[in-house]
Amino acid sequence: MNFRGRNKVSPDFNMSSMTDIVFLLLIFFMITSTMVTTNALDLVLPKAKGKTDSNRSVAVSIDKNMIFYIDKTKVDELALENQLLSVLEGNENRSIIVRAEEGVPVEKVVFVLDIANRNQLKTVLAVRPQ
């Protein structure tokens, strides 16, 4: 009499399905990482603790030469408020990130914050992490 069963379980582990999953994850992260672009100028920001979430915000940048930018577009200081409101028109998340380079006088930053306050805009002051 043959008491052994016909179904034998193999003790080997097949890794091919695991490698397929790893390659799919690798491709996914490579594609999504190339879609992340920053709308920012190369400024040296002051150091401080904290992080900003700039996914849906408009950046107002001030460089050392007191030139104002909305995202990467150069804007005259006197036309800043009108340009900013036209960019934020129809945007439900009305927030801006103020990016002032080191050495910019506080008066210029306060000028931008005053525009944001008059128009009920949320503001975040961007800094360089320590």
Side-chain angles (χ1 to χ4, degrees):
M1 290 216 263
N2 190 4
F3 288 116
R4 282 195 249 165
R6 294 181 189 231
N7 298 333
K8 286 190 176 182
V9 177
S10 173
D12 297 333
F13 183 71
N14 191 355
M15 288 293 290
S16 64
S17 62
M18 185 67 79
T19 56
D20 290 343
I21 293 172
V22 169
F23 282 124
L24 284 174
L25 286 173
L26 177 68
I27 291 170
F28 171 76
F29 286 117
M30 285 174 52
I31 290 173
T32 57
S33 68
T34 58
M35 290 182 190
V36 176
T37 58
T38 57
N39 267 346
L41 299 170
D42 189 24
L43 300 176
V44 179
L45 299 173
K47 289 184 180 180
K49 293 182 181 178
K51 293 183 180 180
T52 61
D53 184 22
S54 62
N55 292 340
R56 304 280 181 199
S57 300
V58 174
V60 176
S61 304
I62 310 168
D63 67 1
K64 286 182 188 177
N65 301 322
M66 307 315 151
I67 299 173
F68 289 80
Y69 296 90
I70 295 178
D71 290 334
K72 291 185 178 182
T73 308
K74 186 189 274 190
V75 177
D76 186 38
E77 183 176 352
L78 300 175
L80 179 67
E81 184 170 4
N82 294 331
Q83 292 280 340
L84 187 61
L85 292 176
S86 67
V87 168
L88 289 172
E89 185 177 340
N91 190 354
E92 63 206 31
N93 183 16
R94 294 171 46 101
S95 62
I96 61 171
I97 297 175
V98 181
R99 303 179 76 242
E101 195 167 11
E102 270 184 324
V104 172
V106 176
E107 291 85 12
K108 299 297 181 182
V109 177
V110 171
F111 174 74
V112 176
L113 294 176
D114 186 41
I115 290 173
N117 188 30
R118 278 195 308 257
N119 296 293
Q120 288 90 29
L121 301 174
K122 298 177 193 172
T123 56
V124 175
L125 184 61
V127 294
R128 183 174 32 143
Q130 286 184 337

ask   = Judged by atom type as modelled, is there a donor-acceptor pair below 3.5 Å linking the side chain of E101 to the main-chain atoms of K64?
value = yes

key: Whether R94 side chain and N119 backbone form a donor-acceptor pair below 3.5 Å   = yes

Nonpolar side-chain network containing V22, other nodes, edges under 4.5 Å = none

ask   = V106: which other cluster members, linking ILVMFWY side chains closer than 4.5 Å, directly or transitively?
value = V110

query = In this structure, which one of I70, V60, T73 forms a side-chain contact (heavy atoms from CB on, under 4.5 Å) with Q83?
reply = I70

Side chains of [X] and [Y]: does their closest heavy-atom pair fall under 4.5 Å?
{"X": "V104", "Y": "M66", "value": "yes"}
{"X": "F68", "Y": "F111", "value": "yes"}
{"X": "Y69", "Y": "I62", "value": "no"}

query = Please walk me through it: do E77 and K108 pass salt bridge (charged side-chain N to carboxylate O under 4.0 Å, His left out)?
reply = CA-CA 9 Å; E77 183 176 352; K108 299 297 181 182; 3.3 Å; yes

Roughly how far apart are [X] [atom1] and [Y] [atom2], rounded to 0.5 Å?
{"X": "I115", "Y": "L85", "atom1": "CD1", "atom2": "CG", "answer": "8.5 Å"}
{"X": "L88", "Y": "L121", "atom1": "CG", "atom2": "CG", "answer": "6.0 Å"}
{"X": "L25", "Y": "D20", "atom1": "CG", "atom2": "CG", "answer": "11.0 Å"}
{"X": "E102", "Y": "D63", "atom1": "CD", "atom2": "CG", "answer": "13.5 Å"}
{"X": "K122", "Y": "Q120", "atom1": "NZ", "atom2": "CD", "answer": "12.0 Å"}

request  = Using the side-chain contact (heavy atoms from CB on, under 4.5 Å) rule, take T123 and I97 through it: C-alpha gap first, then chi angles, then the decisive distance, then the call.
outcome  = CA-CA 6 Å; T123 56; I97 297 175; over 6 Å; no

task = State plainly whether one hydrophobic cluster holds both F29 and L24, where clusters connect Ile, Leu, Val, Met, Phe, Trp and Tyr through side-chain heavy atoms under 4.5 angstrom apart.
result = no

task = Test side-chain contact (heavy atoms from CB on, under 4.5 Å) on I96 and V124 and set out the steps.
result = CA-CA 6 Å; I96 61 171; V124 175; over 6 Å; no

